[in-house]
Asker: 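Mind looking over this structure? Questions follow.
By convention in this document, chain letters (A, B, ...) are assigned in the order of the sequence lines, proteins followed by strands, and residues within each chain are numbered from 1.
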Number of protein chains: 2
Amino acid sequence: MTTWNAYVSACPTRLVLDRIADKWAVLLLGLLAKGPMRFNQLRREVEGISQKMLSQSLKSLERDGLISRKATPTVPVTVEYSITLLGETLSATVDPLRLWAESHIEQVLTAQQHYDAGAST
Amino acid sequence: MTTWNAYVSACPTRLVLDRIADKWAVLLLGLLAKGPMRFNQLRREVEGISQKMLSQSLKSLERDGLISRKATPTVPVTVEYSITLLGETLSATVDPLRLWAESHIEQVLTAQQHYDAGAST
DNA sequence: CAGAATCCTCTCTGATACTG
DNA sequence: CAGTATCAGAGAGGATTCTG
């Protein structure tokens, strides 16, 4: 376990992949790539995400320097999240994956059906 | 939940992302991209993966049509896994992500340290 | 409005044992 | 060799409640 962990942490790809793996991170990054948004605005936009996960995902993204948080001390606090330059480059890099997904989803689904039908017969 | 699920399943990107999210799937795909391998061979190569996860990940990848399984009915059964054409295109698409990871890992780590040091002060 | 803290459930994963 | 089946622990994630 420890040995293995050393390997993992030494692997930059895993770190990035783990972030990508986050169910919401990519979604949020994509949203913020279009423009800055506030907390509850994102909450409504994503709709389905719990407040906990939202705040957690945002925190991770901010920690990684992919998005930035700006709090304005108005009466009810106003917080605005926006994508960073670094975040934009990642978002751009993820795009090919989206394209791959869209153009190959058919093949994948077909493969799944074939498999589920008992392909190994 | 149901509403949201409908959205998710309708989103090809999520399906692909979920597969990428699999801690081992990408690793295995990358390994098999180099050439066919047998079960216990992969087990040793990855080392750290449990037999359960290996078999599970391989099954998912096969189901998605990303790798293929060929069993030869020798005395002790011989099973060989190899990447498919579809799998190769995905593997190729994931590469940019690896490159991004390698070339930006410094920035991410720096951002993390900055954040952990109490950036919001 | 933008969260933090708590509780509780449900899935994922590892360890172990057994089979063709 | 190449798995499957079962059990138990850790952790992710949701719902709810409370605060600056």
Side-chain angles (χ1 to χ4, degrees), chain A residues 1-5 8 14 17-28 31-32 36-63 67-82 115 118-121, chain B residues 1-5 7-8 14 17-28 31-32 36-63 67-82 115 118-120:
Chain A
M1 189 202 291
T2 352
T3 316
W4 153 249
N5 254 326
V8 166
R14 259 288 31 114
L17 248 33
D18 281 348
R19 174 107 352 279
I20 296 296
D22 183 336
K23 200 180 183 62
W24 314 103
V26 177
L27 204 52
L28 292 171
L31 237 52
L32 292 176
M37 280 199 184
R38 303 235 305 274
F39 189 85
N40 282 314
Q41 203 176 349
L42 286 167
R43 194 151 148 53
R44 276 186 297 273
E45 195 75 23
V46 174
E47 185 180 10
I49 191 174
S50 65
Q51 169 272 328
K52 183 183 181 178
M53 283 300 96
L54 177 57
S55 120
Q56 188 174 301
S57 294
L58 288 172
K59 212 176 292 180
S60 294
L61 286 169
E62 189 196 356
R63 192 174 104 99
I67 68 174
S68 69
R69 197 190 95 116
K70 186 171 64 178
T72 312
T74 50
V75 187
V77 182
T78 301
V79 179
E80 193 177 71
Y81 290 92
S82 52
Y115 183 91
S120 49
T121 312
Chain B
M1 187 202 292
T2 351
T3 316
W4 153 250
N5 252 326
Y7 166 64
V8 167
R14 260 283 39 109
L17 249 34
D18 282 346
R19 174 110 349 279
I20 296 296
D22 183 337
K23 200 181 183 63
W24 313 103
V26 176
L27 205 52
L28 291 172
L31 237 52
L32 292 177
M37 280 198 183
R38 304 236 305 276
F39 190 86
N40 281 314
Q41 205 175 349
L42 285 167
R43 193 151 148 52
R44 276 186 297 274
E45 194 76 22
V46 175
E47 187 180 9
I49 191 173
S50 65
Q51 163 275 335
K52 182 182 181 178
M53 283 299 97
L54 176 56
S55 117
Q56 187 174 301
S57 295
L58 287 173
K59 212 176 293 180
S60 294
L61 287 169
E62 189 196 357
R63 193 174 105 98
I67 67 175
S68 69
R69 197 190 95 115
K70 187 171 62 179
T72 312
T74 50
V75 187
V77 182
T78 301
V79 179
E80 193 177 72
Y81 289 92
S82 53
Y115 183 91
S120 49

Asker: Atom CD of B:Q56 to atom P of D:dA5: distance rounded to whole Å?
Answerer: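 Taking atom P of D:dA5 as the reference, CD of B:Q56 is at 13 Å.
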Asker: A:L27 has an atom CG; how far is it from atom P of D:dG13, in whole Å?
Answerer: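 Rounded to the whole Å, the gap is 14 Å.
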Asker: Looking at residues at least two apart in the chain, or sitting in another chain, which of them share a side chain to side chain donor-acceptor pair (under 3.5 Å) with A:S55?
Answerer: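 So A:S55 forms no side chain to side chain donor-acceptor pair (under 3.5 Å) with any residue.
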Asker: Can you tell me the distance, in whole Å, between the CG atom of A:L54 and the P atom of D:dA12?
Answerer: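 In whole Å, D:dA12 P lies 18 Å from A:L54 CG.
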Asker: Please report the distance, rounded to the nearest Å, between CD1 in A:I49 and P in D:dA15.
Answerer: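 Answer to the nearest Å: 12 Å.
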Asker: What residues, two or more places apart in sequence or in another chain, satisfy side chain to side chain contact (heavy atoms under 4.5 Å, CB included) together with A:R63?
Answerer: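 Counting only residues at least two positions away or on another chain, A:R63 forms a side chain to side chain contact (heavy atoms under 4.5 Å, CB included) with B:Q112, B:Y115, B:D116.
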Asker: Take atom CG of A:D22 and atom P of D:dA12, then tell me their distance rounded to the nearest Å.
Answerer: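 Checked: the CG to P distance equals 11 Å.
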Asker: Can you check each nucleotide of nucleotides 1-7 of chain C against protein heavy atoms at under 4.0 Å and return B for base, S for sugar-phosphate only, - for none, in 5' to 3' order?
Answerer: SBBBB-B
Asker: What residues, two or more places apart in sequence or in another chain, satisfy side chain to side chain donor-acceptor pair (under 3.5 Å) together with A:T72?
Answerer: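 Checked A:T72 against side chain to side chain donor-acceptor pair (under 3.5 Å); zero matches.
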Asker: Can you list everything that forms a side chain to side chain contact (heavy atoms under 4.5 Å, CB included) with A:S60? Sequence neighbours excluded, please.
Answerer: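 If we apply the side chain to side chain contact (heavy atoms under 4.5 Å, CB included) test to A:S60, skipping adjacent residues, the hits are A:R19.
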Asker: Considering residues at least two apart in sequence or located in another chain, which fulfil the salt bridge (charged side-chain N to carboxylate O under 4.0 Å, His left out) criterion with A:R43?
Answerer: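 A:R43 satisfies salt bridge (charged side-chain N to carboxylate O under 4.0 Å, His left out) with no residue once adjacent residues are dropped.
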Asker: Starting at atom CE of A:M53, determine the distance to atom P of D:dT16, rounded to an integer number of angstrom.
Answerer: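 From A:M53 CE to D:dT16 P: 16 Å.
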Asker: Nearest 0.5 Å, what's the CG-CD distance between B:L58 and B:Q56?
Answerer: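 So the CG of B:L58 and the CD of B:Q56 are separated by 10.0 Å.
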Asker: How many Å lie between CG on B:L42 and C1' on D:dC1, as a whole number?
Answerer: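 Roughly 13 Å, once rounded to whole Å.
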